[in-house]
Amino acid sequence: TMDRERLLLDYFVEIAIVEHLVRNHMESLPMKGLSAAEFGLINYFVRNQRDRERLVTLAWCFQVSTETMAGTAAELEARGFVRLEGDGEDRTAFLTEAGHAAQIEAIAAVAPDIAPLMEEFRDEELEKAVAVLKETRRIFDNLPERLGG
């Protein structure tokens with residue numbers, strides 16, 4: 001129905017606006033010298049409990065070119081946060097102990113700026129919102145164009 005179409009449009013518009021506002025705010029915070037892309041990459045490893053991933057897979061996950069991902073990984077490698085091995089399609093990034101520590105430090109550095117912004121939400125409300133957003137991401141992660149179909 002038209003109400004459902006409007007609801008879906010509103011949902012995705014709000015996600016897009018929130019993403020833009022959060023990204024702008026996060027880029028203004030002291031992320032221990034990490035860019036949003038660099039933090040996103042080391043956070044990927046920690047969030048997914050992985051210590052290695054092929055660059056082509058990371059590029060797919062972040063919807064960037066393999067060359068862009070290789071550049072981000074090279075920046076992190078220069079700082080000792082990831083180690084790169086192999087070449088071509090098999091080039092792999094490994095999260096180092098220093099990279100794991102950098103992710104923890106970056107989160108600790110921004111937590112005091114983020115927590116007050118979200119005080120009006122109860123944990124139960126945030127848990128429901130996170131569940132809906134995770135399911136939305138799962139659906140979009142499994143679209144045919146994302147799966148190479």
Side-chain angles (χ1 to χ4, degrees), residues 8 11-149:
L8 290 170
Y11 177 71
F12 289 108
V13 166
E14 291 301 321
I15 288 173
I17 293 169
V18 168
E19 189 278 336
H20 176 78
L21 294 171
V22 169
R23 181 174 298 275
N24 284 346
H25 185 71
M26 294 298 281
E27 287 177 351
S28 74
L29 297 178
M31 296 283 289
K32 294 293 184 186
L34 294 169
S35 71
E38 291 166 345
F39 175 77
L41 181 52
I42 62 173
N43 194 56
Y44 168 91
F45 287 107
V46 175
R47 183 173 55 86
N48 292 293
Q49 300 177 338
R50 301 198 42 93
D51 63 350
R52 72 187 69 189
E53 194 69 82
R54 292 171 62 225
L55 289 185
V56 292
T57 302
L58 291 166
W60 177 86
C61 289
F62 285 90
Q63 294 291 280
V64 297
S65 69
T66 304
E67 294 75 27
T68 297
M69 183 53 65
T72 301
E75 291 287 329
L76 290 169
E77 184 178 45
R79 297 168 66 187
F81 297 157
V82 301
R83 185 179 81 253
L84 294 171
E85 288 185 8
D87 43 45
E89 290 286 308
D90 291 325
R91 193 142 193 234
T92 301
F94 296 80
L95 184 68
T96 65
E97 292 276 331
H100 196 275
Q103 186 261 3
I104 292 168
E105 286 179 32
I107 289 174
V110 299
D113 292 302
I114 299 297
L117 301 175
M118 301 302 288
E119 278 178 354
E120 67 185 77
F121 295 101
R122 295 188 332 269
D123 286 356
E124 299 79 32
E125 293 172 313
L126 290 172
E127 287 168 4
K128 286 179 186 174
V130 168
V132 170
L133 291 169
K134 281 185 173 182
E135 183 61 13
T136 302
R137 178 177 51 84
R138 187 195 64 75
I139 290 165
F140 278 82
D141 267 350
N142 289 295
L143 289 175
E145 65 266 20
R146 293 270 291 157
L147 299 173

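All values below were derived from every heavy atom in this structure, side-chain atoms included, with hydrogens, water molecules and symmetry-related copies excluded.
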Report, one line per pair, each donor and acceptor closer than 3.5 Å where one atom sits in a side chain of residues 68-78; sequence neighbours left out.
{"from": "Thr68", "atom 1": "OG1", "to": "Ser65", "atom 2": "OG", "distance (Å)": "2.9"}
{"from": "Thr72", "atom 1": "OG1", "to": "Thr68", "atom 2": "O", "distance (Å)": "3.3"}
{"from": "Glu77", "atom 1": "OE2", "to": "Leu84", "atom 2": "N", "distance (Å)": "3.0"}

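One finds the CG atom of Leu95 at 12.5 Å from the CD atom of Gln49 (value rounded to the nearest 0.5 Å). Rounded to the nearest 0.5 angstrom, Glu85 CD and Arg52 CZ are separated by 8.0 Å. Put simply, CG on Asp51 and CZ on Arg83 are 8.5 Å apart, with the number rounded to the nearest 0.5 Å. For the atom pair Leu117 CG and Leu21 CG, the distance stands at 11.0 Å (nearest 0.5 Å). Atoms CG and CD, on Leu34 and Glu105 in that order, are 9.0 Å from each other to the nearest 0.5 Å.
Ion pair Lys128/Glu125 not flagged as a salt bridge, since none of the NZ, NE, NH1 or NH2 atoms sits closer than 4.0 Å to an Asp/Glu carboxylate oxygen. Using a cut-off of 4.0 Å between Lys/Arg side-chain N and Asp/Glu carboxylate O, Arg137 and Asp141 are scored as salt-bridged. Classification of Glu38 and Arg79 as a salt-bridged pair holds, one side-chain N sitting under 4.0 Å from a carboxylate O.
Residues satisfying the side-chain hydrogen bond (donor to acceptor under 3.5 Å, both in side chains) test with Arg23, not counting sequence neighbours, are Glu19. Residues meeting the salt bridge (Lys or Arg N to Asp or Glu O under 4.0 Å) test with Arg138, sequence neighbours left out: Glu135.
Counting only distance, with no hydrogens or angles, the side chain of Gln63 and the backbone of Trp60 share a donor-acceptor pair below 3.5 Å. Counting only distance, with no hydrogens or angles, the side chain of Thr66 and the backbone of Val56 share no donor-acceptor pair below 3.5 Å. Asn48 places a side-chain N or O within 3.5 Å of a backbone atom of Tyr44 that can act as its donor or acceptor partner. No side-chain donor-acceptor contact under 3.5 Å links Glu14 to the backbone of Tyr11. Under the 3.5 Å distance criterion, the side-chain polar atoms of Thr92 are matched with a main-chain donor or acceptor of Asp90.
Annotation: side chain of Ile42 is not in contact with side chain of Val46 (no heavy-atom distance under 4.5 Å). Put simply, the side chain of Glu89 reaches to within 4.5 Å of the side chain of Arg54, judged on heavy atoms. Residues Gln103 and Ile107 are in side-chain contact: their nearest non-hydrogen atoms beyond the backbone lie under 4.5 Å apart. Two residues are said to be in side-chain contact when any heavy atoms from C-beta on lie closer than 4.5 Å; Ile139 and Thr136 fail this criterion. Counting heavy atoms from C-beta on, the side chains of Ile114 and His25 come closer than 4.5 Å.
The minimum heavy-atom distance linking Gly40 with Phe62 is given by the pair O-CZ, 3.3 Å. Contact between Asp113 and Ala109 at its shortest, heavy atoms only, is OD2-O, 3.9 Å. When all heavy atoms of Gly80 and Ala98 are compared, the pair lying nearest together is O-CB, 3.5 Å.
A centroid separation of less than 6.0 Å is found between the aromatic rings of Phe140 and Phe12.
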